[in-house]
Each structure stands twice: as C-alpha cells, then as structure tokens.
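Worksheet: one structure, shown below.
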Amino acid sequence: MNAPTCKDLLENMGYANKMKTIHVRTTTHAELLNVTNEVRTAVKEFGVSDGTITLFTPHTTCGLTINENADPDVVADFLRQLEVMIPWNQPFYRHAEGNSAAHIKASLMGFSLTIIVENGSLQLGTWQNIYLCEFDGPRTRSLFIR
Amino acid sequence: MNAPTCKDLLENMGYANKMKTIHVRTTTHAELLNVTNEVRTAVKEFGVSDGTITLFTPHTTCGLTINENADPDVVADFLRQLEVMIPWNQPFYRHAEGNSAAHIKASLMGFSLTIIVENGSLQLGTWQNIYLCEFDGPRTRSLFIR
Amino acid sequence: MNAPTCKDLLENMGYANKMKTIHVRTTTHAELLNVTNEVRTAVKEFGVSDGTITLFTPHTTCGLTINENADPDVVADFLRQLEVMIPWNQPFYRHAEGNSAAHIKASLMGFSLTIIVENGSLQLGTWQNIYLCEFDGPRTRSLFIR
C-alpha cells in the first residue's frame, strides 16, 4: 500500500470537503428542529474520520444549538422561557418587519457549531442532539455543513 | 504543472495562514460595529479558497455576532432589549469596575465565530453581516482572524 | 533536514491530533470552573504550533465560555444575573427533571469554543480565562479538546 497523500490525510480529517447545503422546512412560528440525522449523514458522505465538522446557518432570525432530545418538554420549556426573556412585542421595537425578537434570539443561540468527529463518529454526548432554532417561521431554512 | 504540495493544499483551505490582528475603534458605550468588510479583506489576503475562517476577539466586555445590516433598527432594538435583559445597574452587582453587565452580554454573544469559505467567498447569507459587539465602550478593540 | 511531510505540517497546525478527554468535578449547583490550565496543557501535548484548538462539552446542562478571572466578583455577578434572567422555578416549566433553567443557560453559553494558537501559545486576551459553566451540579463533567 502506498503512503497516504496529503489529500487523503486531509479528507480523513474532514478538511478537504466541499460544503454541503441542506434545506429544511419549519412548520410553526418558533421551534427547535432536530437536524442530528442530517449532520450524521453528511459526516458519512464526507468520509471524515478524525477531525471537526462545521455547521452554519445563513439566516438572521434562526440559529443553531445543541440540547436534550429525550424529553420534548425540555424544548417546550426552552422556547417559552426565551419568549419571556425576549418578548415578541416591546413598546420600543422599531424594526418595521416586527420580528426584532427573532433577530435577538438567533444571536443568543449563534449561527455556527463546531463538533468533533472521532473514528468517523460525531462526538455528541448521550443526550445531545443538534437543533436548528426557528424563531420566525414557518420558513424554508438552509444549513451549511463542512 | 506539478501536483500541488501539501502546503499549497493547506493554504487553499485556509489552514496554513498566520493569524491577522485588526484593531477597530468603537465610538459609543454600546454598539454593534460592522466588521464584514475587514473579514472579507482577510479572506482575500489569506488566499483561502475552500475552508473555514476563524474570528476571535480577545476581550471580556465585547463579543462577536452575526445579524442583519439592511435596517439599522434591528441593531438598535437588539441593544435596547439586551439592556432590558441585563440592566447596567443591579443592586447585587459587586464587581468594582461596575461593568458586570458588559461581561455577561459578551458571553451571551460569544467570542469566536467560524464561517465557511467556498470558492474564495465568505458563505454569509444575504442579510448577514458580522458585528463586533461593544458593551463597554468607547474603546479600541482587537479582532483576530485566521 | 528533510522537507516536512504532510503529517508534520498538519501536526504543527493542530489538525492531526486525536481528541483528548478531560474530566472535571464541579462542587456546587452553579459555578464557572476555570479550565484554562487544562487547555494550555493540551496545546503543549498536541504540539500545536499555529492553528486552532476546539473545545466541546458533551452535556446539556453545562456549557463553555470565556470571561474575566482577575476579580471573582465578575463570575459571581454573572451567575446571579443569569439566575434573574432564567429563574430555576417557572410556573410553566414541565420538564420532569426540574432543571429546564440549566438546559437554557447551557445553550446561551454554547457547547463549543474555537481558540487560535500562534507560535504554540493559546491566543487569549490578558483578562480572558476559559470556563466550564456548571448549571446543574455538582457533577463530574467531560471536556473534549482537539
């Protein structure tokens, strides 16, 4: 067997891939959409063995986070408390589109995630799932994976 | 043409660059300073073709985020609502410098961003711009890019 | 001296390492545990010269952030204000484990950090330290470093 080329090594580590774009459809005004399976599929397609994977969502009213999937009440409590913290209506909001709360919530979650891959497997904790956080839906949203 | 060397490949992907430091000046106590052009310039200088770019701000009272640039009211609403959530004065704050609110806001935004580059172009969404979030200005702030 | 191999170059940049797992013990219900020294040790062990290091915590009720270490009141004010924003008890919380507040705080901090390394040195600001944010302790927590 020949020694691995530089490109081989880089591909194994996930640094020689092209970006993959996934489109998802949210169905309500505010929701956490589980995209863990989509990310696992991309890791397999990329053939990443040991490295990191980068997720990025190119919007300003939705974000990305990780949280528990076992009990759906976690997500429900999460969205309700965010609504208490950042009310949809505030007397001082001036943004004409009326969705300033969604812009703020999205920045609080963030737009990118970096997750470690080891032996071809996404290194999430037992209870961790990856969520696209919709704060002004329903809409079609994009997720970039690299 | 010779096959690309390992260093060539790594440079194309943005993994063989040195860190670049940018200094910016904020002019008010709290503001979101648009640094998108500075980041685009760095991507060009680095010659990154397909990879990721890492931004990092080495402070504890300013952070980094992405949000909408089209309507300046988004940023104004954003800063006002953050002030409601994390008031500058709280009876229980003990930090002698008096800027605990700025420390908290900075952690909520985060100190690093990872953005994908594809065909030499920063993969931001149509409405996305990159902001340095000043919460205790005016000051001169640093932004590390790699 | 021979030209560096691809693997040499990748190792210098921190892209050819295996993930390291650190276990830490938190001692109270909510605390920011300083893990800066543990991360600096990993940078040395990895032999990263110029690149980035990725931190990730595989939990859903603790997160990662960066903040000031000089005055311990910063951390105390930080935790108290987060408790005001996201109270432990809310009449509408339904999650049976009763720790919804911890799940929300963890997502606000985030689960990963990307930090630049230059000349073998972690590029933190003068006042920046790295914290594991415990929101439902005391527990043993894991930190992945790559």
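Letters A, B, ... are given to chains in the order of the sequence lines, protein chains preceding strands, and every chain is numbered from 1. Heavy atoms only: backbone and side chains are in, while hydrogens, waters and symmetry mates are out.
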Checklist entry - Is a side-chain donor-acceptor pair under 3.5 Å present for C:S107 with A:T65? => result yes

Next on the checklist: If we check side-chain hydrogen bond (donor to acceptor under 3.5 Å, both in side chains) with C:S100, which of these qualifies: A:D77, A:D73, A:D71?
Outcome noted: A:D77

Contacting moiety of [X], where chain C heavy atoms sit under 4.5 Å:
X	result
A:Q123	both
A:V75	neither
A:I116	side chain

Next on the checklist: Working note: A:E68 + C:H95, criterion side-chain contact (heavy atoms from CB on, under 4.5 Å); need CA distance, chi angles, decisive distance, verdict.
Outcome noted: CA-CA 11 Å; A:E68 183 186 319; C:H95 178 41; 4.0 Å; yes

Side chain from CB out, backbone as N, CA, C, O: work out which of these in [X] comes under 4.5 Å of a heavy atom of chain A, or both, or neither.
X	answer
C:F144	both
C:T114	side chain
C:T61	neither
C:H59	backbone

Next on the checklist: Determine whether C:F56 and A:T52 satisfy the following criterion, side-chain contact (heavy atoms from CB on, under 4.5 Å), listing intermediate values before the conclusion.
Outcome noted: CA-CA 11 Å; C:F56 187 88; A:T52 56; over 6 Å; no

Checklist entry - Taking A:N67, A:V74, A:L108 one by one, which has the highest count of heavy-atom pairs under 4.5 Å against chain C? => result A:N67

Next on the checklist: Quick one, C:R146 with A:V117, criterion side-chain contact (heavy atoms from CB on, under 4.5 Å). Give me CA distance, side-chain angles, the key distance, then yes/no.
Outcome noted: CA-CA 10 Å; C:R146 194 184 197 286; A:V117 177; over 6 Å; no

Item to check | side-chain contact (heavy atoms from CB on, under 4.5 Å) between C:H103 and A:W127, worked out | outcome: CA-CA 11 Å; C:H103 286 283; A:W127 307 108; over 6 Å; no

Checklist entry - Is it true that atom CZ of C:R25 has more than 12 heavy atoms of other residues, nucleotides or ligands lying nearer than 6.0 Å? => result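 More than 12 within 6.0 Å, yes.
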
Item to check | Point-to-point distance, once rounded to the nearest 0.5 Å, from OG1 of C:T57 to CD of A:Q128 | outcome: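 Between C:T57 OG1 and A:Q128 CD, I get 7.0 Å after rounding to 0.5 Å.
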
Checklist entry - So, A:Q81 side chain and C:P87 main chain: donor-acceptor pair closer than 3.5 Å or not? => result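 Judged by distance alone, no pair lies under 3.5 Å.
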
